Amino acid sequence: MNEKTALIAGSSGLVGNELLHIILNSKEYEKVYSLVRRPLGVEHPKLVEVICDFDNLNAVEKFFSVDDVYCCLGTTIKKAKTKDAMYKIDVEYPIAIAKLAHSKGANHFLLISSMSANSNSRIWYSKMKGELEEKLQTTPYNSISILRPSLLLGNRKEFRLGEKFASNIFYGLSFLLKDSWKSKFGIEAKTVAEAMHKIAKVGIKGTTIYPSNKIAEIARNS
Ligand SMILES: NC(=O)c1ccc[n+]([C@@H]2O[C@H](COP(=O)([O-])OP(=O)(O)OC[C@H]3O[C@@H](n4cnc5c(N)ncnc54)[C@H](OP(=O)(O)O)[C@@H]3O)[C@@H](O)[C@H]2O)c1
């Protein structure tokens, strides 16, 4: 059972950090390589922190020979400052990771995209996420799993006004929604991470896209 290896990018983020702890404590991985810009301060016998410059992934290519690749990278326009800089983090880095890991024999690529992903959208963010999904699918993985969560809920260290406002509305009104509808508006980062790990265990061949309500259902059911 204890034979697989995983690579995770974005493990300092809201979903990625939940996921890192889940996969470190799961039985099926013997090693977890975490691509980070700076040390996270997490100690675990299975964890190898790969401190790297995401513009020069070839320098750390030896860590890319894994079974499963989890990508939870992303930023906001406020942090990135320009659309080009955001596109680089949200699209170019994930695609570079996908290509390098595939060239080293990786089998399954799991991506956090967004509920609104659509390459034909007139909304720049949605179009960007749609393009990310399309570019990813040109890399011939055995399995590609694309998770499209709605608003991510959880204890974010950084303050994001829009998301805070939206999550307050969600928590205030969620009692009005049926369980099956709640996740279409907001979903806990931990739920997304749990589902991502369960999806990796199954490893459906080809590309599978998981909308937010399906993500919640997978996390609920064992
Ligand atoms: N926020 C939402 O409600 C929402 C909804 C649906 C989908 N999504 C998408 O879901 C994904 C995960 O979201 P999240 O909120 O968990 O992300 P997050 O907390 O913002 O974390 C983002 C991760 O990306 C890394 N990153 C950012 N800039 C980087 C750079 N220049 N070089 C290397 N790594 C970099 C961060 O590392 P550092 O710690 O080093 O910065 C962090 O690990 C994102 O793609 C996001 O767009 C978000």
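In listed order, ligands and their atoms are each counted from 1. All residue numbers in this chain count up from 1 along the given sequence. This is a predicted model, so every value here is computed, not measured.
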query: Atoms of ligand 1 less than 4.0 Å from V15 heavy atoms?
result: 16 (O)
query: What protein heavy atom sits nearest atom 38 (P) of ligand 1, and how far away is it?
result: S12 OG, 3.4 Å
query: atom 44 (C) of ligand 1: which protein heavy atom is closest, and how many Å away?
result: L73 O, 3.3 Å
task: Could you find the nearest protein heavy atom to atom 20 (O) of ligand 1 and give me its residue, atom name and distance?
output: R160 NH2, 2.8 Å
query: Is any side-chain N of the basic residue among E131 and K135 closer than 4.0 Å to the acidic one's carboxylate O?
result: no
field: Closest protein heavy atom to atom 10 (O) of ligand 1, given as residue, atom name and distance to 0.1 Å
entry: I112 CG2, 3.1 Å
- line: From the list D68, N142, D67, side chain to side chain donor-acceptor pair (under 3.5 Å) with N107 holds only for N142
- prompt: Counting each atom of ligand 1 from 1 as listed, which ones have a heavy atom of K129 under 4.0 Å away?
  reply: 44 (C), 45 (O), 46 (C), 47 (O)
- prompt: Does an N or O from G10, backbone or side chain, lie closer than 3.5 Å to an N or O of ligand 1?
  reply: yes
query: Is there at least one pair of N or O atoms, one from E158 and one from ligand 1, spaced under 3.5 Å apart?
result: no
- prompt: For atom 1 (N) of ligand 1, which protein heavy atom lies nearest, and how many Å away is it?
  reply: E163 OE2, 3.0 Å
N or O pair under 3.5 Å between K79 and ligand 1: no
- prompt: With atoms numbered from 1 as shown, which atoms in ligand 1 lie under 4.0 angstrom from a non-hydrogen atom of I89?
  reply: 27 (C), 28 (N), 29 (C), 31 (N)
Subset of ligand 1 atoms that lie under 4.0 Å from at least one heavy atom of L151: 3 (O)
query: Against heavy atoms of S150, which atoms of ligand 1 measure under 4.0 Å?
result: 5 (C), 6 (C)
message: Using the rule given for side chain to side chain donor-acceptor pair (under 3.5 Å), can you reason through H197 versus E28, listing the C-alpha separation, both sets of side-chain angles and the distance that settles it, and then say yes or no?
response: CA-CA 10 Å; H197 174 232; E28 69 273 13; 2.5 Å; yes
field: Test side chain to side chain donor-acceptor pair (under 3.5 Å) applied to Y33 and E49, step by step
entry: CA-CA 6 Å; Y33 300 100; E49 267 196 337; over 6 Å; no
- prompt: Are M196 and L47 connected, step by step, through hydrophobic side chains (Ile, Leu, Val, Met, Phe, Trp, Tyr) whose heavy atoms are closer than 4.5 Å?
  reply: yes
query: Do D53 and R37 meet the salt-bridge criterion of a basic N to acidic O distance under 4.0 Å?
result: no
- prompt: Under a 4.0 Å N-O cut-off, is there an ion pair linking K214 with E217?
  reply: yes
Under-4.0 Å heavy-atom contact with ligand 1, by part of L152 that carries it: both
field: Closest approach of any protein heavy atom to atom 40 (O) of ligand 1, naming residue and atom
entry: R37 NE, 3.0 Å
- request: Ignoring hydrogens, just give me the one of G74, S114, S113, P149 whose non-hydrogen atom is nearest atom 9 (C) of ligand 1.
  value: S113
- prompt: Which pair of non-hydrogen atoms, one from V192 and one from L147, has the smallest distance, and what is that distance?
  reply: O-CD2, 4.0 Å
query: Counting heavy atoms only, which part of D90 comes closer than 4.0 Å to ligand 1: side chain, backbone, both or neither?
result: side chain
task: Within a distance under 4.0 Å of any heavy atom of L14, pick out the atoms of ligand 1 and give their elements.
output: 15 (O), 16 (O), 18 (P), 19 (O)
query: Quick one: does R156 get an N or O within less than 3.5 Å of an N or O on ligand 1?
result: yes
message: Could you go through S183 and S212, starting from their C-alpha distance and side-chain angles, then the distance that decides it, and tell me whether this counts as side chain to side chain donor-acceptor pair (under 3.5 Å)?
response: CA-CA 6 Å; S183 53; S212 216; 5.1 Å; no
query: So, for A80 and A85, which heavy atoms are closest and what is the spacing to 0.1 Å?
result: O-CB, 3.4 Å
query: Is there a nitrogen or oxygen of G13 sitting under 3.5 Å from a nitrogen or oxygen of ligand 1?
result: yes
Candidate pair E133 and S113, rule side chain to side chain donor-acceptor pair (under 3.5 Å), full reasoning: CA-CA 7 Å; E133 292 187 1; S113 176; 2.6 Å; yes
query: Is there a heavy atom of C72 sitting under 4.0 angstrom from any atom of ligand 1?
result: yes
message: If we only consider heavy atoms of R38, is any one of them less than 4.0 Å away from an atom in ligand 1?
response: yes
query: Counting distance only, does the side-chain N/O of N25 pair as donor-acceptor with the main-chain N or O of H21 below 3.5 Å?
result: yes
task: Would you check, one step at a time, whether the test salt bridge (charged side-chain N to carboxylate O under 4.0 Å, His left out) holds for R156 with E163?
output: CA-CA 10 Å; R156 202 180 276 290; E163 286 180 25; 3.3 Å; yes
